[in-house]
Number of protein chains: 2
Amino acid sequence: MEEMMITYSIGEVAEKFNLSLPTIRYYDKEGLIPNLRKNDAGVRRFTQENLGSLQMIECLKNAGMPIRDIKQFMQWTLEGNASLEKRYKMFQELRVNVLKQMEAMQNTLNTIDFKCKYYGQATSDGTEKYVKEDMHLEIS
Amino acid sequence: MEEMMITYSIGEVAEKFNLSLPTIRYYDKEGLIPNLRKNDAGVRRFTQENLGSLQMIECLKNAGMPIRDIKQFMQWTLEGNASLEKRYKMFQELRVNVLKQMEAMQNTLNTIDFKCKYYGQATSDGTEKYVKEDMHLEIS
DNA sequence: TTATAACTTAAAGTTAACTTTATGTAGTAC
DNA sequence: GTACTACATAAAGTTAACTTTAAGTTATAA
């Protein structure tokens, strides 16, 4: 009795996720897509589970996690319930890390906002002279 | 008549900014620190202006700007008022870019928060079974 | 049956942003 | 004078995350 399920080709997946074919193959080679199977002709067929892995890869990449750590996480998922605590800990640490990044990003944005005002004024003045005098700052 | 001003050694600057000495030398070589001078012995002496450049480098790096674009900006500052509009435009575009990054980061955080709850429950259950059933999701 | 499109692999190449290595110099402490 | 520390340079090495290249296979359409 063969299980029938909807699957996708690497080309379809590349389009869906806006990734290049070599990138997806690279992720597969690196072990980032657990349980990804090939048909009798050796062609990859992506299940919903595999698409879920890719979604998670995108999330973890966005959080700044390196490929080898994403791989580690994916390997843990293959270990089942035995690795639940490791995965829980990973996400808790990642959360703290991402919060720090967002704080840094907010500071960066504040500086950029300041610079936008600074250069907005300087541009309409035609010179940095007055706006620079106004704030006694010389950060280029 | 020699101008007297407070300057810092590369070692002091490295400590202040928590950067390695080779990194600072690399930035200098790449033209990221305009007007950085050396004393008669060929040793770099950092002025307040140079520290300002380093501060800005940190900000722009944090915004995800590549070294070559930071260099471009620094070269523009050397052109004076003629480049004010270019610099203004740069910061306006950077602002939009950073806002996009923050939005992406917020989405990432939401996913991670969800995963924290998911694995928190799964860990106390000792299995993913129930929490997985509860949400009809199979994202690893 | 021949062309085309969509896939396959292994291996080499690319790029950014440093880091390391090797070698040398300048100034101070003893 | 000799050791030590802090600096200098040029050039080679490193790492991550892909990308490119070269060569081959499979399935469908004309």
Side-chain angles (χ1 to χ4, degrees), chain A residues 6-33 36-47 50-51 53-75 94 97 101 104 108, chain B residues 6-33 36-47 50-51 53-75 94 97 101 104 108:
Chain A
I6 300 149
T7 62
Y8 303 88
S9 72
I10 194 170
E12 291 165 336
V13 173
E15 178 125 347
K16 253 187 223 292
F17 285 90
N18 202 27
L19 292 170
S20 76
L21 305 199
T23 296
I24 298 174
R25 293 196 186 107
Y26 166 72
Y27 288 166
D28 181 26
K29 201 176 62 172
E30 292 298 308
L32 266 54
I33 317 174
L36 175 54
R37 304 300 183 81
K38 295 173 184 171
N39 66 16
D40 293 347
V43 173
R44 291 177 185 81
R45 299 303 315 185
F46 291 76
T47 64
N50 301 144
L51 299 191
S53 293
L54 280 169
Q55 198 80 54
M56 187 48 58
I57 290 168
E58 290 300 278
C59 171
L60 298 177
K61 273 209 307 179
N62 229 298
M65 186 177 281
I67 297 294
R68 69 174 172 286
D69 292 2
I70 300 178
K71 171 181 183 167
Q72 171 71 281
F73 168 69
M74 292 303 179
Q75 300 311 305
L94 192 59
N97 190 306
Q101 286 182 59
T108 299
Chain B
I6 299 148
T7 62
Y8 303 87
S9 72
I10 194 170
E12 291 165 335
V13 173
E15 177 124 348
K16 255 189 222 292
F17 286 89
N18 202 26
L19 292 169
S20 76
L21 304 200
T23 296
I24 297 174
R25 292 194 188 109
Y26 165 72
Y27 288 165
D28 181 27
K29 201 176 61 172
E30 292 299 306
L32 266 52
I33 316 174
L36 176 53
R37 303 301 184 79
K38 294 173 185 172
N39 66 16
D40 294 348
V43 173
R44 291 176 184 80
R45 298 305 313 186
F46 291 77
T47 65
N50 301 145
L51 299 191
S53 293
L54 280 168
Q55 198 81 55
M56 187 48 58
I57 290 167
E58 290 300 276
C59 170
L60 297 178
K61 274 210 305 178
N62 228 298
M65 185 177 280
I67 296 293
R68 69 175 172 287
D69 292 2
I70 300 178
K71 172 181 183 167
Q72 170 72 279
F73 169 70
M74 293 301 178
Q75 300 311 304
L94 192 60
N97 190 306
Q101 287 182 59
T108 298

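Note on naming: letters A, B, ... go to the chains in the order of the sequence lines (proteins, then strands), and numbering restarts at 1 for each one.
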Interatomic distance where [atom1] belongs to [X] and [atom2] belongs to [N] [whole Å]:
| X | N | atom1 | atom2 | result |
| --- | --- | --- | --- | --- |
| B/Leu19 | C/dA17 | CG | C1' | 13 Å |
| B/Glu58 | C/dC18 | CD | C1' | 13 Å |
| B/Phe46 | D/dA6 | CZ | P | 16 Å |
| B/Asp40 | D/dA8 | CG | P | 14 Å |
| A/Leu32 | D/dC18 | CG | C1' | 13 Å |
| A/Glu30 | D/dT15 | CD | P | 15 Å |
| B/Asp28 | D/dA10 | CG | P | 11 Å |
| A/Ile10 | C/dT9 | CD1 | P | 8 Å |

Which is it for A/Thr47 and A/Tyr8 under the side chain to side chain contact (heavy atoms under 4.5 Å, CB included) test, yes or no, and what are the steps along the way? CA-CA 7 Å; A/Thr47 64; A/Tyr8 303 88; over 6 Å; no
At a heavy-atom distance below 4.0 Å, what parts of residues 20-27 of chain A sit against DNA chain D?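 Those residues are A/Ser20, A/Pro22, A/Thr23, A/Tyr26, A/Tyr27.
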At under 4.0 Å between heavy atoms, what does A/Lys29 touch on the DNA or RNA strands: base, sugar-phosphate, or nothing?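 Nothing, no nucleic acid heavy atom in range.
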Listed in order of residue number, which residues of residues 65-72 of chain A have a non-hydrogen atom at under 4.0 Å from DNA chain C?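 Close to the strand, none.
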Return the [atom1] to [atom2] distance between [X] and [Y], rounded to the nearest 0.5 Å.
| X | Y | atom1 | atom2 | value |
| --- | --- | --- | --- | --- |
| B/Leu60 | B/Met65 | CG | CE | 5.0 Å |
| A/Leu36 | A/Tyr27 | CG | OH | 14.5 Å |
| A/Leu32 | A/Lys71 | CG | NZ | 8.0 Å |
| B/Leu51 | B/Gln55 | CG | CD | 8.5 Å |

Is the phosphate of [N] approached by [X] (side-chain N or O, under 4.0 Å from OP1 or OP2)?
| X | N | answer |
| --- | --- | --- |
| B/Ser9 | D/dA6 | no |
| A/Lys61 | D/dA16 | no |
| B/Arg44 | D/dT9 | yes |

Indicate whether the side chain of B/Glu58 and that of B/Asn62 have a donor and an acceptor atom separated by less than 3.5 Å.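 No, no side-chain donor-acceptor pair sits under 3.5 Å.
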Do we see a donor-acceptor contact under 3.5 Å between the side chains of A/Asn50 and A/Ser53?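 Short answer, no.
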Nearest to side-chain heavy atoms of A/Lys38, which nucleotide of D/dT9, C/dT9, D/dC7: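 For A/Lys38, the side-chain atoms sit closest to C/dT9.
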Nearest of C/dT8, D/dT26, D/dT9 to any side-chain atom of A/Ala41?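 That would be D/dT26.
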Can you find a pair of side-chain heavy atoms, one from B/Met56 and one from B/Met74, that are under 4.5 Å apart?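 Side chain of B/Met56 against side chain of B/Met74, heavy atoms only: contact under 4.5 Å found.
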In a table with atom names and distances, give each donor-acceptor pair under 3.5 Å that connects a side chain of residues 13-24 of chain A to protein atoms at least two apart or in another chain.
unit_1  : atom_1 : unit_2  : atom_2 : d
A/Ser20 : OG     : A/Thr23 : N      : 3.1
A/Ser20 : OG     : A/Thr23 : OG1    : 2.7

